[in-house]
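Step one of this worksheet: look at the structure below.
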Amino acid sequence: MRWENLFLFYLGLNCVMTFSFAVDQCRSEVNEQEMALEGFVFKKILVPAPFMCDVECEKEITCQSYNYIVKENICELNNRTKEARPENFRRDPSRFYIRRLAGRVPLGSIPELPAQSCHEIRASEGRETKGNKYWIDQAGNGTARLGSCEESMRAWYNFTTLGATKRHGPDNSTGYRGTGCEGVQVKGGKQEWTVPFTGRFHLEACGASGGRGLSSAGGKGAKINGTVRLEKGVKLVILVGQRGSSRGSGHSGSGGGGTFVLYSPRMRPLLVAGGGGGGGSQNGHPGNDQVDGSGNGAGSNGEGGLLCGDPALAMHPDSGSGAGINGSGGCFKSASVQSGQLCMKTDCEKGGKSFIVGGEGGKADSADCHGGFGGGGACDGDGYPGGGGGYSGGGVDSSEGWSAGGGGGSFVENPTWIIIKGGCDEGDGYVSFTRDN
């Protein structure tokens, strides 16, 4: 018997067996040839036959559907269905797709399977969400909250990178569909939000971490916590820092981007959370709890960081420093080593760009060494990392025969707010506003 026929027989047998337990679970699930759900695979398994994918799916509480790679006999278990994410359901001649046959856990009903939005729950389950409580992880960072959709829509506004990576920010806000941030405008990677009501908000912000280095970690971003009163109609421009790039073992990492929130149209800063420096032969420096950057060569007064060489060893970093809010990062001028100048910078593409000129990460010779959006400096791919972006940019230090990227500086409008140096988890930055009752 061919595997295709055996698979169809298994589906029918499964339906008959399930009928004896619950009539409403006896469904007709058809494998959709040459189609696959992309972006939600959490496990891959080699199997002897297609019907074993359903067996493997039923072992995993988070499995919602699966793709089958026909010529490789591989199951790809998904934690979403095509109904939840129709935009990710695409033609793929090498695969077929099928939703889980039995025992599928409704999206958002358990903390292990949080939804990103109430819209996603409605699309997945085909039911009204009003009045019910669900596990929702708007940021997509593994921190789920149990609450009603009304609370999620009205009281929690979480701004993320929207899936953008490396030196450029997001170009649309479709990832906020069904959340309180739906309707946010994105221009040049920066997100424009109009405060929906007058009230007090608890805010939390993180700068992005720097990329991993030779055998070292990138610096973690600075974390900010505080409470602010905002008036309805106030416009904020938000740049969420993106993590630095890492080329892998034996290479340096680029600087992480700072996270910025400014009042529009005057561009007065509400907060800036510094990004971490890239790892080199030493760990990258963390995003700082002061307006100046951290580490040797740190920028100050909103300017970009410097790069520090070692004349005695004829060494100079060939990477980019991090940008500040007003001044961009730069590169080291090798001729300056001979003149005995230790720390300096000159304009170049590898330096991160300041917030006022766009906030892009530094541009490296290789795409996997670009600086993170938010002013992170590029790495050179060998021993020299990039500096982190922030209120003032992080420098790059190679003055004693070793290398490390400096972290960006941080700023808060209210001096009572808390800034934690390197207080964020490894990864991208974020900003959240939660209604303070």
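The basis for the numbers below is simple: all heavy atoms, side chains too, and nothing from hydrogens, waters or symmetry mates.
A salt bridge between Lys43 and Glu60 is present, with a side-chain N of the basic residue lying under 4.0 Å from a carboxylate O of the acidic one. The existence of a salt bridge linking Arg122 and Glu120 is excluded, since no basic side-chain nitrogen approaches an acidic carboxylate oxygen closer than 4.0 Å. Look at Lys235 and Glu192 and you find no salt bridge, because none of the NZ, NE, NH1 or NH2 atoms lies under 4.0 Å from a carboxylate O. Look at Lys350 and Asp318 and you find a salt bridge, because one of the NZ, NE, NH1 or NH2 atoms lies within 4.0 Å of a carboxylate O, short of that distance. A salt bridge between Arg268 and Glu413 is present, with a side-chain N of the basic residue lying under 4.0 Å from a carboxylate O of the acidic one.
For a disulfide, the SG atoms of both cysteines must be under 2.5 angstrom apart; this holds for Cys53 and Cys75.
Considering only heavy atoms from C-beta on, Pro317 comes within 4.5 Å of Ser398 through its side chain. Side chains of Leu107 and Tyr134 form no contact here, defined as non-hydrogen atoms less than 4.5 Å apart. Put simply, the side chain of Asn78 reaches to within 4.5 Å of the side chain of Val41, judged on heavy atoms. Residues Arg91 and Glu34 have side chains in contact (heavy-atom distance under 4.5 Å, counting atoms from C-beta outward). Two residues are said to be in side-chain contact when any heavy atoms from C-beta on lie closer than 4.5 Å; Glu87 and Arg177 meet this criterion. Inter-residue side-chain proximity for Leu271 and Leu203 is flagged as met; some heavy-atom pair is nearer than 4.5 Å.
Cation-pi contact between Lys190 and Phe373: absent, since separation from the ring centre below 6.0 Å together with deviation from the ring axis within 45° is not met.
Ring-plane geometry between Phe159 and Tyr176 is classed as perpendicular, the angle between the planes exceeding 60 degrees on a 0 to 90 degree scale with a lower cut at 30.
Using modelled atom types, one side-chain atom of Ser246 and one backbone atom of Arg212 make a donor-acceptor pair closer than 3.5 Å. Using a distance-only test at 3.5 Å, with no hydrogens or angles considered, no donor-acceptor pair links the side chain of Ser403 to the main chain of Gly280. In this structure, Ser354 contributes its side chain and Gly324 its backbone to no donor-acceptor pair below 3.5 Å. Remark: the backbone N or O of Glu38 is paired with a side-chain donor or acceptor of Asn88 at under 3.5 angstrom.
Less than 6.0 angstrom separates the ring centroid of Tyr97 from the ring centroid of Phe89. No close placement of the Tyr157 and Phe433 rings is indicated, their centers lying 6.0 Å or farther apart.
A donor and an acceptor atom, one from each side chain of Thr81 and Glu83, are located under 3.5 Å apart.
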Does the side chain to side chain contact (heavy atoms under 4.5 Å, CB included) test come out yes or no for Leu230 and Thr198, once each step is laid out?
CA-CA 6 Å; Leu230 296 173; Thr198 297; over 6 Å; no
